[in-house]
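Throughout, protein chains are lettered first and strands after them, A, B, ... in sequence-line order, and every chain is numbered starting at 1.
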Protein chains: 2
Amino acid sequence: MPPNEIDTVLDQIRAHGGRITTARRLVIGVLLDTHEHLSAEAITDIIRTEHPEVHLTTVYRTLESLAAIGIVAHTHLGHGAAVYHLGEIHQHLACEVCGALRDVPVSVLDDLRATLERDHSFVLHVGHFALLGRCAEHAADEVTSTSDG
Amino acid sequence: MPPNEIDTVLDQIRAHGGRITTARRLVIGVLLDTHEHLSAEAITDIIRTEHPEVHLTTVYRTLESLAAIGIVAHTHLGHGAAVYHLGEIHQHLACEVCGALRDVPVSVLDDLRATLERDHSFVLHVGHFALLGRCAEHAADEVTSTSDG
DNA sequence: CTGGCTGCAAATTATTTGCATAATC
DNA sequence: GATTATGCAAATAATTTGCAGCCAG
């Protein structure tokens with residue numbers, strides 16, 4: 001984790017009156033390091049290999065705090081735990097067969113947003129739920145609903 | 001519940017080797033009657049006003065059976081219980097503020113589907129997650145995330 | 001030194017599973 | 001009469017809450 005990146009996040013926490021603790025450093029570190037989408041439990045497992053004293057509850061609360069500041073967001077990929085990620089809101093494409101996850105800019109939904117607003121007076125918010133379907137590799141498979149979500 | 005409608009469903013259950021029981025009649029009856037999107041618990045509560053012996057577990061198992069036949073589907077509207085509905089798969093628009101739910105045909109997603117397939121080789125499946133946002137009445141409200149989902 | 005944060009236990013919510021009994025075909 | 005479905009209890013998974021002590025600011 002490049003010190004500059006983590007310091008930026010820590011500064012944001014301070015700016016919002018939050019305190020810098022070991023647990024918070026570790027959570028942010030994992031998210032910066034992996035740059036993947038991890039569940040609270042997965043984050044905790046990684047932290048615990050080095051710091052077994054950090055509790056799942058604390059990770060949840062840290063993620064909650066970071067979400068309140070707007071630093072992290074979570075998404076639902078299907079049935080099962082939510083996954084957390086740093087940075088900009090984006091849209092997720094999740095393969096129902098293999099679980100492959102792909103991030104796409106929210107702009108792919110611009111047309112849909114315009115349509116919904118025009119035809120249904122509905123203002124779309126994006127990113128909270130993944131879009132489910134099949135990745136290229138599994139597009140031709142039977143429909144067997146592995147992680148239907 | 002019009003007898004013809006319920007009989008159609010019962011016939012489909014028989015055709016798949018399932019048995020017709022009081023609990024199943026009641027679950028289907030509630031879904032046909034209300035024509036709304038109800039959680040398993042909500043369905044059970046309605047049934048129990050007249051038939052307190054019907055158990056939540058049975059309702060879950062009935063819904064599972066009906067889903068296997070393709071008669072019901074469930075959707076996630078946000079955080080909280082999934083909601084079940086009879087009939088065609090459709091897309092749901094859920095208001096984060098008031099919870100208002102609106103059904104729209106899956107065809108609103110046709111353009112998005114084409115875009116995702118062309119640009120990301122991703123085959124979109126629809127209906128399992130609602131699209132979240134604001135209904136006309138709450139489009140102008142502050143973003144306070146009531147039922148963010 | 002004080003209020004925010006943590007650890008731990010326990011509660012909650014949504015759903016699933018095991019098993020003996022009951023009801024359907 | 002052979003299965004399938006049900007009732008009830010209990011397990012599971014994901015997340016939240018309560019509370020006393022700890023620690024950052």
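Side-chain atoms of B:His92 and B:His37 include a donor-acceptor pair closer than 3.5 Å.
Rounding to the nearest 0.5 Å gives a distance of 11.0 Å between CD1 of B:Ile89 and NE2 of B:His125. Taken from CG in B:Leu131 to CG in A:Leu131, the straight-line distance is 7.5 Å, to the nearest 0.5 Å. Atom-to-atom distance recorded for A:Tyr84:OH and A:Ile71:CD1 is 15.0 Å, nearest 0.5 angstrom.
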Footprint string (nucleotides 11-18 of chain D, 5' to 3'): B base within contact, S backbone only, - free, heavy atoms under 4.0 Å: ---SBBBB

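Put simply, B:Thr21 has no side-chain N or O that comes within less than 4.0 Å of OP1 or OP2 on D:dA5. In terms of phosphate contacts, A:Thr62 brings no side-chain nitrogen or oxygen within less than 4.0 Å of OP1 or OP2 of C:dC5.
No donor-acceptor distance shorter than 3.5 angstrom exists from the side chain of B:Arg134 to the backbone of B:Glu96, with no hydrogens or angles considered. A donor-acceptor pair under 3.5 Å is formed between the side chain of A:Ser39 and the backbone N or O of A:Ala42.
For B:Leu38 and C:dT15, the CG to P distance is 13 Å, given to the nearest whole Å. In this structure, B:Ile13 atom CD1 and D:dT4 atom P are separated by 15 Å, rounded to whole Å. With rounding to whole Å, B:Arg25 atom CZ is found 13 Å from C:dA23 atom C1'. As rounded to whole Å, 18 Å separates atom P of D:dA24 from atom CG of A:Asp11. Note: CD1 (B:Ile28) to C1' (D:dA5) measures 13 Å, nearest angstrom. The separation between A:Ile47 atom CD1 and C:dT6 atom C1' is 13 Å, rounded to whole Å. Spacing between atom CG of B:Leu63 and atom P of D:dT6 amounts to 11 Å, rounded to whole angstrom units. What separates CD1 of B:Ile20 from C1' of D:dT4 is a distance of 12 Å, to the nearest Å.
No contact: B:Gly17 has no heavy atom under 4.0 Å from any strand.
Residue-environment remark: CD (B:Glu41) stays at or below the threshold of 12 foreign heavy atoms within 6.0 Å. Annotation: A:Asp111, atom CG; neighbour count of heavy atoms from other residues, nucleotides and ligands within 6.0 Å does not exceed 12.
Five base pairs at each end of the helix from C:dC1-D:dG25 to C:dC25-D:dG1 define two local axes, and these are offset by 30° (rounded to 10°).
With C:dA23, C:dT6, C:dG7 as the choices, the nucleotide that has an atom nearest any side-chain atom of B:Arg19 turns out to be C:dA23.
Proximity of A:Thr58 to A:Thr62: side-chain heavy atoms (C-beta onward) are separated by under 4.5 Å at one or more points.
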